[in-house]
Number of protein chains: 2
Amino acid sequence: MIKGLDKIRISQFKKDLSNCVNVKEKTFYNKELILSYSPIKKQIGFITYGKANIVKTDKEGNTTIMRDLKENDIFSNLFFQDSEDEIYIISNEETKVIFIDYYTILKNCPKNCSFHNKLVLTLFDLLILDNKEQNEKIELLSKRSVEEKLLYFLKQRMNENHIFKVTTSYKAISEYLFVDRSNLMRELKKMEEKGLIERKDKWIKILDKEKD
Amino acid sequence: MIKGLDKIRISQFKKDLSNCVNVKEKTFYNKELILSYSPIKKQIGFITYGKANIVKTDKEGNTTIMRDLKENDIFSNLFFQDSEDEIYIISNEETKVIFIDYYTILKNCPKNCSFHNKLVLTLFDLLILDNKEQNEKIELLSKRSVEEKLLYFLKQRMNENHIFKVTTSYKAISEYLFVDRSNLMRELKKMEEKGLIERKDKWIKILDKEKD
DNA sequence: TATTTATTGTTGCAAATGCAACAATAGTTT
DNA sequence: AAACTATTGTTGCATTTGCAACAATAAATA
């Protein structure tokens, strides 16, 4: 899960955080607004528990899921562009988040504590991780067909037994892939006929046909 | 151009860099390999001059342009996933790059200099900027039609007079948008007929029809 | 439990897209 | 200048896609 950062370091990070800067952990329930764009209040959030989505709403009111966020993921309204579309972070279930004010990171620690530097370095690592995940999404969206998008998505998320369980909904997946839902269903059927996948309700087994 | 970081800070950053850690500025000419994926040598690059592309090549040999990079942009092989596809950074013209070894940033500065902390903070800011640009690319790719993709792309890059000059080629743009080139040309013609744009060779004028 | 709401599954159809193939230019090299 | 190469412009066509509309389930709520 966390490749670049080990768990010990993460848990130490959480402890250091409260030592060093003023942080508050907040709990959100399903479908609550965690953070939205703000040109003034720049915050970094760190998910300690649960799941959330970065959701975009354009001026016509169409919403799309930009990113999936999970435990140990970092996010910030710093990342959002000043745009016509509105971007929110919405909890997907009970979610706990630590908020860190951006400017308290930038300025030197008032307590001059040794944590501060470490804090920045860890945030740095987390940012790099986030960057990687964004790259992944760009790769996903670079796929030309729904089949390719879906296969990439599934392979990225399947377990050791090549099984992926739809925990959200097919609707949510279609939004994440930016494709039409009904077409996604049609494509799923085609892929099953082709022998690329097997499907039972919300379980999808990816049959690795691609050996070269 | 650089919104979050002012120019003074960037130029100070460059000076500090050479004071603090071992850096080398390298010059690349057109279409040279600047950086590729490496699980061992983790480097961060900072473009001081010129333009470059992040280019992906899949196992079938299809190449696509993942990102555009320009002066003051940051990049790193840290951002790349361990994947079947190969990712390179290629210069697009004469390009100067400062390389910083990732691990020299993480460990404390041997000289214990005050620059070190500032260095990390600036890198932090640059990473956030990069993150924003990635978000922009995700937004671009989230558009469903070629017309929408193209309009988003053009509006993002047009000057005050609503003019965009194709400095690279239409081919390169089609690769950047992950769409078929011939279709892009067709779409350009349609958009001209619709009165959305005006076009003369490599100049495109975006006519802002969208007033609500 | 009955009712309401959300999701899933299906299909016809028009529109958009990618592909292939080729001509016309523009740009480069010999 | 001639030859070569890369880019641009065009088109027909098969395929893919999104849209709309509706039925069948499943899930949530009264």
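Here is the naming used below: chain letters follow the sequence lines, and residue numbers restart at 1 for every chain. From a predicted model like this one, the values you see are computed outputs, not experimental measurements. Below, each value reflects all heavy atoms present in this structure, side chains not excepted, and no hydrogens, waters or symmetry copies.
Spacing between atom NZ of K200(A) and atom C1' of dT8(C) amounts to 18 Å, rounded to whole angstrom units. Taking atom CG of L188(A) as the reference point, atom C1' of dT10(C) lies 13 Å away to the nearest angstrom. Atom CG in D180(A) sits roughly 17 Å away from atom P in dC13(C) (whole-Å rounding). One can place CG of N183(A) at 14 Å from P of dA20(D), the figure rounded to the nearest angstrom. One atom, CE of M185(A), and another, C1' of dA24(D), lie 12 Å apart when rounded to the nearest Å. Between the CD1 atom of I173(A) and the C1' atom of dA6(C) there is a distance of 16 Å, given to the nearest Å. Rounding to whole angstrom units, CG of residue L184(B) and P of dT8(D) are separated by 10 Å. When rounded to the nearest whole Å, the span between CD of E187(B) and C1' of dA15(C) equals 11 Å.
For A52(A) against I89(A), the heavy-atom pair with the smallest separation is CB-CG2, 4.2 Å.
With dG18(D), dG18(C), dT8(D) as the candidates, the nucleotide lying closest to the side chain of V146(A) is dG18(D). Checked against dT17(C), dT11(C), dC19(C), the side chain of S182(B) finds its nearest nucleotide in dC19(C). Side-chain atoms of S169(B) lie closest to dT7(D) of the nucleotides dG18(D), dT8(C), dT7(D). Each of dT17(C), dC19(C), dG18(D) was ranked by its minimum atom distance to the side chain of R144(A); first place goes to dC19(C). Among the nucleotides dG18(C), dG9(D), dA16(C), the one closest to the side chain of K190(B) is dA16(C).
Within the 4.0 Å cut-off from OP1 or OP2 of dA20(C), not a single side-chain nitrogen or oxygen of R181(B) is found. Of the side-chain N and O atoms in K202(A), one or more sit less than 4.0 angstrom from OP1 or OP2 of dT8(C). Contact annotation: R186(A) does not reach the phosphate of dC19(D) (side-chain N/O to OP1 or OP2, under 4.0 Å). Note on K171(A): every side-chain N or O is 4.0 Å or more away from OP1 and OP2 of dA27(D).
The 12-atom threshold is not exceeded at NZ of K26(A), counting heavy atoms of other residues, nucleotides or ligands nearer than 6.0 Å.
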* To do: Might you work through the side chain to side chain donor-acceptor pair (under 3.5 Å) test for T27(A) and K96(A), ending with a clear yes or no?
  => CA-CA 4 Å; T27(A) 302; K96(A) 287 175 197 292; 3.3 Å; yes
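Relative ring orientation between F164(B) and F153(B) is described as perpendicular, the plane-to-plane angle rising above 60° on a 0-90° scale split at 30° and 60°.
Comparing A172(B) and K189(B) against DNA chain D, the residue whose closest nucleotide sits nearer the 5' end is A172(B).
For the pair I87(B) and V55(B), the minimum side-chain heavy-atom distance is 4.5 Å or more.
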